[in-house]
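In this text the structure is predicted, and so the values were computed from the model without any measurement. Letters A, B, ... mirror the listed sequences (proteins, then strands); counts begin at 1.
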2 protein chains.
Amino acid sequence: MTVTIYDVAREANVSMATVSRVVNGNQNVKPATRKKVLKVIEELGYRPNAVARGLASKKTTTVGVIIPDISNSMYAELARGIEDIATMYRYNIILSNSDQNENKELQLLETMLGKQVDGIVFMSDVISSELLYEMKRSPTPIVLAGSIDDSNAIASVNIDYYGAAYEAMKKLIDNGHTRIAFVSGLFSSKVNKDKLKAYRQALEDASIEVDEQLVIECDNSYDEAIEAVNTLAPHKPTAYFVSNDEMSIGVIHGVEANGQKIPEDVEIISYENSKLARMARPMLTSVALPLYDIGAVSMRLLTKYMNGEEIEENQVILPYRIEERASTKNA
Amino acid sequence: MTVTIYDVAREANVSMATVSRVVNGNQNVKPATRKKVLKVIEELGYRPNAVARGLASKKTTTVGVIIPDISNSMYAELARGIEDIATMYRYNIILSNSDQNENKELQLLETMLGKQVDGIVFMSDVISSELLYEMKRSPTPIVLAGSIDDSNAIASVNIDYYGAAYEAMKKLIDNGHTRIAFVSGLFSSKVNKDKLKAYRQALEDASIEVDEQLVIECDNSYDEAIEAVNTLAPHKPTAYFVSNDEMSIGVIHGVEANGQKIPEDVEIISYENSKLARMARPMLTSVALPLYDIGAVSMRLLTKYMNGEEIEENQVILPYRIEERASTKNA
DNA sequence: TTGAAAGCGCTAACAG
DNA sequence: CTGTTAGCGCTTTCAA
């Protein structure tokens, strides 16, 4: 039925070994032989079976990607970075959504290892100790993309979330605000914890008392951000530091619904800088997260591990910047 | 090094066949034996090798997904639908971006077939005849998700793009508009061609002359949509039919920048109904595309083909609806 | 430069 | 209920 390497060998009057050599670009084949084999391959429509190849060579040229939710634009952007570099290095990607559910993450890890992936890129806001344990004993290299493991046991690619948040807060403080609200995503996420820490520290460093009522935890959605604004209203914030662009748009709408002007009455700094930031009115000043790059660099790092290269530093920190737009008063 | 089925068999004093049976949940194993084997599996940390299994069984339990761009929210939504159903049926997904580049699509198809995927979900605005030819001779089932092949040779899941566009236009016409602009994505896309056809037909059916100057083709981006509004301004449209939510937001901003009010001076109907539609101000009336469902149903259909089930109808059409919001004047 | 042969780890008859 | 035995299609020594 399907044509195998054996069929090609017979048809071309050579051994399977020789066919294998030409298929794999091995130079030890006489040009004439190569040509003959290639011709037969063409005629028979031979297509190498990657599964058999994987079994024999113990390499599948596919990597696993465990991601919270591909329909979330942040992760989609990360995934694109991963995939582009994977393609560049001739790897395919097995992509699975975990919904940040630990059991699912554990099970996905298991499935992927079973499928003999050559490496894994893992994303999650929280890395449980059990997960960490499994990752450490993984026979296959793993890198965390935009995800933090405090023990630094697993390679990872991130930005300085704390530093970025601190700088954003600093800007708001420098603009004279003392009532700055923080509309955050879930604090179960290490990244949000870092932002909170920066929020507090920046305030303290400026001798501004931290008012816990100005801190609100939401589920990252537009709707909850609007609600957050209403909850915060009695506490009269004059500036908002917001965890992502979607929520920032919610904040804008909430604030405007209450009759306040941005940035005249209220300033906002977001944290993501997706294309939404430019589609908002006013356009959002935002910490620019290099999501695509985090994905790309993670995958690149993974290729090094897969090649058995020695890595100098397994924790890579990418640069961020703050994109100033109309939601803040700028110099 | 790694523990194989053979190690387990030896340790448990049974044959590999028996181990294979318990691993695969075959009922023909005495409970005591099963228990013994399970225990050894546990002790040894045995993990079945899916590659070997795939080679022996000729099934990989993985399906290929060829998608234009996962970082585009429309496709990400589709992908999520696909993945969820795949997971439900225990399939994994190999995901690749094609950027709608025909050569890449062709090559991806080849790669996935080489990897022995059990099925493929394919997405693309344009299905070239060469692609169609390759798909037809694919040894593995393929279904098109949200993509059209006029010949109906390949199974597909879509909505009635034409009908949806016609209905949207009808609504605008019923609201009294005679100068309706169409801000479209690329006409190389079959879906956009259908919308254009509906645009014209709806106008004709209402005895309104079609003014080609009111039709603008853009690249689906926010920025080009704003530009489109400016290009259209001299032709004084009083309503806009727009190809997707992102562009609709561009239209809103373009229109407002010109001092017009929505929906008082200008009405807008979008075509997508992503969460952006609710995040826009005014909120967008929009044709609701069931992207997630298209993905899910495609995958479900694929499972049927992979199981060799007989399919009554290979062209499935899902329902759409129009979500009325503030960008149009409603009854 | 080429071929022979031994696996890779598992499934799937088939036999008992 | 369990074991034996062929492969699945390819890579990879090892010889020649």
Side-chain angles (χ1 to χ4, degrees), chain A residues 1-38 40-41 44-62 90 110-111 113-118 139-140, chain B residues 1-38 40-41 44-62 90 110-111 113-118 139-140:
Chain A
M1 178 59 251
T2 72
V3 11
T4 74
I5 200 174
Y6 183 75
D7 299 318
V8 176
R10 182 168 28 71
E11 239 15 66
N13 286 312
V14 297
S15 69
M16 334 175 6
T18 299
V19 178
S20 175
R21 287 188 188 99
V22 349
V23 166
N24 292 296
N26 185 315
Q27 287 310 303
N28 294 336
V29 181
K30 191 159 50 161
T33 311
R34 173 189 311 283
K35 205 174 151 197
K36 181 172 60 175
V37 171
L38 252 15
V40 174
I41 285 178
L44 268 43
Y46 168 67
R47 172 189 297 136
N49 180 324
V51 174
R53 205 197 293 232
L55 184 58
S57 69
K58 298 177 165 308
K59 292 213 181 74
T60 54
T61 65
T62 109
R90 309 247 110 94
E110 188 66 18
T111 303
L113 292 176
K115 293 225 169 176
Q116 312 300 120
V117 295
D118 296 335
T140 264
Chain B
M1 176 60 252
T2 74
V3 12
T4 74
I5 199 172
Y6 183 76
D7 300 317
V8 176
R10 181 167 30 69
E11 244 7 72
N13 286 311
V14 295
S15 69
M16 329 171 16
T18 297
V19 178
S20 175
R21 287 190 188 98
V22 348
V23 167
N24 292 294
N26 185 315
Q27 286 311 303
N28 296 336
V29 182
K30 192 162 45 166
T33 312
R34 173 188 311 284
K35 206 174 151 199
K36 181 172 61 177
V37 172
L38 252 15
V40 175
I41 286 178
L44 266 46
Y46 168 66
R47 173 188 295 137
N49 181 324
V51 173
R53 204 197 291 234
L55 184 57
S57 69
K58 299 181 165 304
K59 291 211 181 72
T60 55
T61 65
T62 110
R90 312 245 109 94
E110 188 67 17
T111 303
L113 292 176
K115 293 227 170 175
Q116 312 300 119
V117 295
D118 296 336
T140 263

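- The shortest non-hydrogen separation linking A:R53 to A:V23 is NH2-CG1, 3.9 Å.
- Here the straight-line distance linking atom CD of B:Q116 with atom OG1 of A:T2 works out to 7.5 Å at 0.5 Å rounding.
- Close to C:dG9, at under 4.0 Å from its OP1 or OP2, lies no side-chain N or O of B:R53.
- The distance between atom NZ of A:K59 and atom C1' of D:dT11, rounded to the nearest whole Å, is 11 Å.
- A:S15 and A:A9 get closest at one heavy-atom pair: C-CB, 3.7 Å.
- Residue B:A52 has its side chain nearest to C:dG9 when only C:dT1, C:dG9, D:dT12 are considered.
- Rounding to the nearest 0.5 Å places OG1 of A:T4 at 9.0 Å from CG of A:L44.
- Proximity of A:K58 to the phosphate of C:dG9: a side-chain N or O atom is located under 4.0 Å from OP1 or OP2.
- Listed by residue number, B:N13, B:V14, B:S15, B:A17, B:T18, B:R21, B:N28 are the residues of residues 10-28 of chain B with a heavy-atom contact under 4.0 Å to DNA chain D.
- Comparing C:dT2, D:dG7, C:dC8 by their nearest atom to the side chain of B:A56 picks out D:dG7.
- Taking the screw axis at each terminus of the helix from C:dT1-D:dA16 to C:dG16-D:dC1 from five consecutive base pairs, the angle between the two is 30° to within rounding of 10 degrees.
- One interatomic measurement links the two molecules: NZ of B:K35 to C1' of D:dT2, which rounds to 20 Å at whole-angstrom precision.
- Proximity of B:Y46 to the phosphate of C:dC10: a side-chain N or O atom is located under 4.0 Å from OP1 or OP2.
- Within the 4.5 Å cutoff, the side chain of B:V37 has no heavy atoms near those of the B:V29 side chain.
- When all heavy atoms of B:M16 and B:I5 are compared, the pair lying nearest together is O-CD1, 3.6 Å.
- Comparing B:T33 and A:V51 by the nucleotide of DNA chain D whose heavy atom lies nearest to each, the residue mapping closer to the 5' end is B:T33.
- Nearest to the side chain of A:P48, among C:dT1, C:dT11, D:dC10, sits D:dC10.
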